[in-house]
Amino acid sequence: MALKLYDSLTRSLKELTPSHADGVFRFYNCGPTVYASAHIGNFRTFIVNDVIRRLLELEFGTVKIKHVRNLTDVDDKTIKRSREEGRSLADVTKQWTEKFWSDCKVLNCLDPHEQPTATGHIKEQVNMIEVLMEKGNAYRGADGSVYFKIDSFPGYGALSRIKERELKITDDAADSDHKDSVSDFALWKAYKPAEDGDVKWPSPQGDGEGRPGWHIECSAMIKKHLGDTIDLHTGGVDLLFPHHENEIAQSQCCNGTSMANHWYHGEHLLVNGKKMSKSDGTFYTVDDIIAKGYSAAALRYALLVGHPRKQLNFTLDSLHAAEKAIKTLRNYRAALPAIGGNPEAFAEAFKALDDDLNTPGALGAIFTIINRGNEGVDQTAFDRVIFAFGLDLSETAAPEVSIPDDITALAEKRWAAKQSKDWAAADALRAELTEAGWSMLDRKESYSLEPLKK
RNA sequence: GGCGCGGUAGCCAAGUGGUAAGGCCGAGCUCUGCAAAAGCUCUAUGCGCCGGUUCAAUUCCGGCCCGCGCCUCCA
């Protein structure tokens, strides 16, 4: 079985294969800008990429894949945030990087092999810009910034099919004065004391100070950590243009070779039918979901119920459905023998995953098998497909809930009433618990309490 | 305006030129003092609308309506 993914450049399904002689698959995934908590729309993309990573590991072997995901820790937003809070840029980005990592861990994402930062690769970026300047692909504007000259790269627009960016009068009009063409984009932004504070580095060719533009960091880090040509480059659809288009221009003009053999873009998660937006406040964070009492596994599941290349409208109902589905998977596994089943029991599910990451199709296949019973299925085969999805089915993965003392007291009273067969009292106490938002589950020798979902 | 994507049961969501996977909800049943948990069973004559091609279209083609995304340093 081989994983086939849609390639945004050729607009066709292509098999993923390592192109280098060492057989190591080189995979780069555009990461987050660390200035605030990432929302679950961002995580949809990272989780989809995590599934790709897992499938590649299953196909090529754990050591035959190198996965790199960057952290954008210097840009307008990070600088703005640090100045608003009167903290250093490093302090702010460290906080949000750690938050991002802990969310990733909660969501059971495998760590990329490298997580390079933009500020950790200033030298590499400056070097690359200098090469572009020497080759005539970049020039210094009157403001001291360095711009990429789009006219110098005939291949520009191949990925997004945009010949040239439309000439628009925007707030950036001021910058346009310094550029040869409005379409040109910044490789290096000249230092602006009023906006940049102490965030600055020596500019390319030692001419003044400034900071890197957004796009160049990926080109530089890819070159350093994965080489001139990689096997797969991914991100959200919004990165198609201009980010990835610009990366291609920079890298290919600098290196003279194709940057990536395969481009894959995940679609957006919607809320109320609209894109999640930090500025509109229409988004959920991982913490928000956990606080509502849902498990991280359910969140992960809910983000995978839609085809990754289709917009998915996120609702709390979908989380509820996911939570139930997770329970079914957990119970099914518990009834399975460890070994002895057909290793290919979940072939249909893998077939769907290999066919352009059809996660809903694969989930459907899994439940179809579950509905047929346990015959011929063992935990080994089941765990393999669950690994691909990255779902942590262990009970300990369920969120820890603290039970208030008064709830415990009510439960104890009801349990005592039940033991003495005082059904009326027991029922009244159950009603009180329900009213307080708790569900009491009786067992033979004991009981447990679960909060009703908010 | 340019480029791209989508409209399938109450909700979510696969899919195929030959007659609609799966999850949730709901209903029934087993179990059970009650409730739950667990398990079993059932639930779209129809896939936005109108034409066309075809023996056959939800699936191909054309038109239309509706929704969404990108074209702003947003995953």
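Because the structure is predicted, anything quoted here is derived from the model rather than measured. Just the heavy atoms: all of them, side chains too, but no hydrogens, waters or symmetry mates, feed the values below. Quick note on labels: first sequence line is chain A, next is B, and so on, each numbered from 1.
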Check ion pair [X]-[Y] (N to O, under 4.0 angstrom):
X	Y	result
A:Arg333	A:Asp383	yes
A:Arg54	A:Asp50	yes
A:Asp355	A:Lys351	no
A:Asp184	A:Lys179	no
A:Lys327	A:Glu323	no
A:Arg211	A:Asp76	yes

With rounding to whole Å, what would you report as the distance between [N] and [M] at their [atom1] atoms?
N	M	atom1	answer
B:C12	B:G1	P	28 Å
B:G22	B:C42	P	10 Å
B:C5	B:G15	P	15 Å
B:U43	B:C24	C1'	13 Å
B:C31	B:G26	P	22 Å
B:A21	B:A9	C1'	14 Å
B:G69	B:G10	C1'	27 Å
B:C70	B:U59	P	29 Å

Report yes if a side-chain nitrogen or oxygen of [X] is closer than 4.0 Å to either non-bridging phosphate oxygen (OP1 or OP2) of [N]; otherwise report no.
X	N	answer
A:Asn313	B:G6	no
A:Arg443	B:U32	no
A:Lys327	B:A37	no

Is there aromatic stacking of A:Phe367 on B:G22 here, judged by a ring-centre distance under 5.5 Å and a plane angle under 30°? no

Separation of [N] [atom2] from [X] [atom1] (nearest whole Å):
X	N	atom1	atom2	result
A:Leu269	B:C68	CG	C1'	13 Å
A:Asn331	B:G23	CG	P	14 Å
A:Phe241	B:G2	CZ	C1'	12 Å
A:Leu240	B:C5	CG	C1'	12 Å
A:Gln419	B:G33	CD	C1'	12 Å
A:Arg430	B:A37	CZ	P	11 Å
A:Glu267	B:G67	CD	P	18 Å
A:Lys421	B:C34	NZ	P	12 Å

Given [options], which nucleotide is nearest the side-chain atoms of [X]?
X	options	result
A:Pro360	B:G23, B:C68, B:A13	B:A13
A:Gln311	B:C34, B:C68, B:C74	B:C68
A:Asn358	B:G69, B:G15, B:G22	B:G15
A:Leu312	B:C12, B:G15, B:C34	B:C12
A:Lys310	B:G22, B:A14, B:C24	B:A14

Which one is paired to [N], where only Watson-Crick or G-U wobble pairs with both distances under 3.5 angstrom count?
N	answer
B:U72	none
B:U43	none
B:G17	none
B:U32	none
B:G51	B:C61
B:A9	none

For A:Arg83 against A:Glu195, the heavy-atom pair lying closest together: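 So the two residues come closest at CD-O, 3.0 Å.
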
With sugar-phosphate meaning primed atoms plus P, OP1 and OP2, does [X] contact a base, only sugar-phosphate, or nothing at under 4.0 Å between heavy atoms?
X	answer
A:Thr368	sugar-phosphate
A:Gly41	base
A:His265	nothing

Is there a donor N/O on one and an acceptor N/O on the other, under 3.5 Å, for the side chain of [X] and the base of [N]?
X	N	answer
A:Lys275	B:C74	yes
A:Asp238	B:G69	no
A:Arg414	B:G33	yes
A:Arg161	B:C3	no
A:Asp442	B:C34	yes

Relative to each other, are the rings of A:Trp263 and A:His265 parallel, tilted or perpendicular (30° and 60° limits)?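 The rings of A:Trp263 and A:His265 lie parallel, inter-plane angle below 30°.
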
Nearest heavy atom decides the nucleotide; on that basis, is A:Val305 or A:His268 closer to the 5' end of RNA chain B?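 Result: A:Val305.
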
Residue whose closest nucleotide on RNA chain B lies nearer the 5' end, A:Ala426 versus A:Tyr332: A:Ala426

Here's one to test your reading of the geometry: is the NZ or CZ of A:Arg300 within 45 degrees of the ring axis of A:Phe389 and under 6.0 Å from its centre? no

